[in-house]
Amino acid sequence: MKILVINAGSSSLKYQLIDMENESVLAKGLCDRIGLDGKFVHNANGEKLELDHPMPNHAEAIKVVLSHLTDAKWGVIKDVSEIAAVGHRTVHGAETFVEATVMDDEKVNVLDGLAEFAPLHNPPAVTGIRACMEVMGKDVPQVTVYDTAFHYGMPKTAAIYPIPYEYYEKYGIRRYGFHGTSHGFVSEECAKLLGKDIKDLKIITCHLGNGSSITAVDGGKCVDTSMGFTPLAGFMMGTRCGDIDPAVAMFIMNKEGLTPDEMNNIMNKKSGALGVSGVSSDFRDLDAGAEEGNERCRLALDMFTYQVTKFIGSYAAAMGGVDAIVFTAGIGENNAAMREDIIKNFAFLGAAIDPEKNKKRGEACIVSTEDSKVKVCVIPTNEELAIARQTLAVISK
Ligand code: ADP
């Protein structure tokens with residue numbers, strides 16, 4: 001059975017066609033500059049095609065994708081009917097869509113109404129779903145898979161903010177959490193790697209990339225996560241501030257005469273590692289800067305290590321223990337020194353990194369010592385595969 005995974009942005013659309021028999025990627029690519037001049041990249045059969053191809057809207061982009069998936073030279077299937085379902089990466093389901101869902105016209109309209117929860121991400125997903133419905137017809141299930149869904153069942157003690165309860169009731173203001181597809185995927189893969197039933201494990205998953213979040217997974221279920229009502233919350237990221245004293249925002253707005261949008265932009269785009277270092281949001285640049293003696297690059301790196309440590313520690317306490325700590329995403333998968341620095345802080349729990357094992361890259365592996373009381377794993381995330389698995393599960397119900 002073949003599942004097409006779509007990740008639609010405002011002017012782009014990434015796709016992967018996955019064969020679920022062996023979970024292999026048959027083809028993948030990108031439609032970029034939709035609505036502008038249109039660029040198309042398609043990888044299949046070990047070759048890469050790059051084209052200038054006008055795509056006035058997302059429906060035309062989908063047509064370009066489908067025609068190449070079935071093309072004599074570039075195709076990997078004979079007919080579009082071989083696609084069993086489409087899985088759409090969707091950021092925010094709020095409290096309405098709390099699991100992967102087969103969409104129909106009415107549900108798409110409801111999802112459209114949730115735009116204010118993720119103004120940059122939900123509207124393009126809706127556009128992508130409508131485009132697929134238009135081009136592929138009603139017989140192919142269009143399944144939405146949500147970044148928020150994995151976190152939905154967390155206890156109210158973790159989800160509710162200590163502000164007047166009416167704002168939760170009126171506007172749905174609570175912790176939702178993000179990167180849920182990734183946290184769910186790597187926690188499952190961690191259990192497989194350890195040869196244990198996930199129900200018997202307390203896992204802390206650290207998704208450390210440009211955007212970063214940490215989740216406490218007890219028995220396979222999220223019990224707390226660092227991001228909140230928006231992906232600005234938690235610990236410092238490439239350009240986002242994470243949790244700060246909320247009064248700081250009002251203070252700076254008064255001093256600098258800023259509007260809410262301007263302040264929001266500063267906290268999302270100009271803060272975090274970029275704000276502290278003044279150099280870059282990219283951790284490779286920070287490493288290079290620190291190496292050359294730039295103190296603010298060093299400070300940004302040390303702050304990141306410290307804040308990640310605090311979240312891991314608090315989640316170990318929240319779960320009454322931790323069996324495994326998982327690192328994933330750009331920094332988590334690649335930055336061995338950062339992993340070592342973080343895990344050193346958990347010697348008191350009996351956690352220890354094996355420096356040799358910690359050098360491995362690109363595959364799921366255990367990087368802690370044989371006798372480490374807490375297993376430390378590096379697991380490459382694969383959100384497309386996770387979306388395809390959830391899509392398959394929904395249509396198989
Ligand atoms: P996104 O959240 O945009 O998906 P990624 O998961 O790609 O981000 O993570 C980007 C971060 O990962 C950057 O800070 C980058 O420096 C870091 N990173 C990526 N590759 C490496 C590498 N080989 N070594 C160290 N850091 C890396």
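Counting convention: from 1, in listed order, for ligands and their atoms alike.
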[atom]: the protein heavy-atom neighbour that sits closest, reported with distance to 0.1 Å:
atom                    : value
atom 26 (N) of ligand 1 : Arg284 CG, 3.6 Å
atom 16 (O) of ligand 1 : Asp282 OD1, 2.4 Å
atom 6 (O) of ligand 1  : Gly330 N, 2.8 Å
atom 11 (C) of ligand 1 : Ile331 CG1, 3.7 Å
atom 2 (O) of ligand 1  : Asn210 N, 3.1 Å

Please list, in number order, the atoms of ligand 1 under 4.0 Å from a heavy atom of [X].
X      : result
Arg361 : 23 (N)
Asn334 : 19 (C), 20 (N), 21 (C), 22 (C), 23 (N), 24 (N), 25 (C), 27 (C)
Gly211 : 2 (O)

Fill in the blank from the handout: Members sharing Tyr168's hydrophobic cluster, built from side-chain contacts under 4.5 Å between Ile, Leu, Val, Met, Phe, Trp and Tyr, are Ile160, Tyr165
Exercise for the section: Hey, can you tell me if Tyr146 and Phe97 have their rings parallel, tilted or perpendicular (30° and 60° cut-offs)? Expected result: parallel
Practice task
Using the six-membered ring wherever Trp is involved, compare the ring planes of Phe40 and His68 and label them parallel, tilted or perpendicular (cut-offs 30° and 60°).
Solution key: tilted
Problem - Pairs involving residues 118-130, ordered by first then second residue, that meet salt bridge (Lys or Arg N to Asp or Glu O under 4.0 Å) (sequence neighbours left out) - result: Asp112-Arg130
Problem - Ile379, Thr328, Thr205 screened by side-chain contact (heavy atoms from CB on, under 4.5 Å) with Ser187, the one that passes - result: Thr205
Problem - Nitrogen or oxygen atoms of Phe283 and ligand 1 under 3.5 Å apart - result: yes
Practice task
Look only at interatomic distance and state if Gly209 has a nitrogen or oxygen under 3.5 Å from any nitrogen or oxygen of ligand 1.
Solution key: no
Handout entry: Any His207 heavy atom less than 4.0 Å to ligand 1
Key = no
Practice task
Examine the side chains of Thr381 and His207 and answer whether a donor and an acceptor come within less than 3.5 Å of each other.
Solution key: no
Problem - Member of His42, Lys28, Glu384 meeting the side-chain hydrogen bond (donor to acceptor under 3.5 Å, both in side chains) criterion with Tyr15 - result: His42
Problem - Heavy-atom protein neighbour under 4.0 angstrom from atom 4 (O) of ligand 1 - result: no
Practice task
Flag the pair Asp105 and Lys138 as a salt bridge only when some basic side-chain nitrogen lies within less than 4.0 angstrom of an acidic carboxylate oxygen.
Solution key: yes
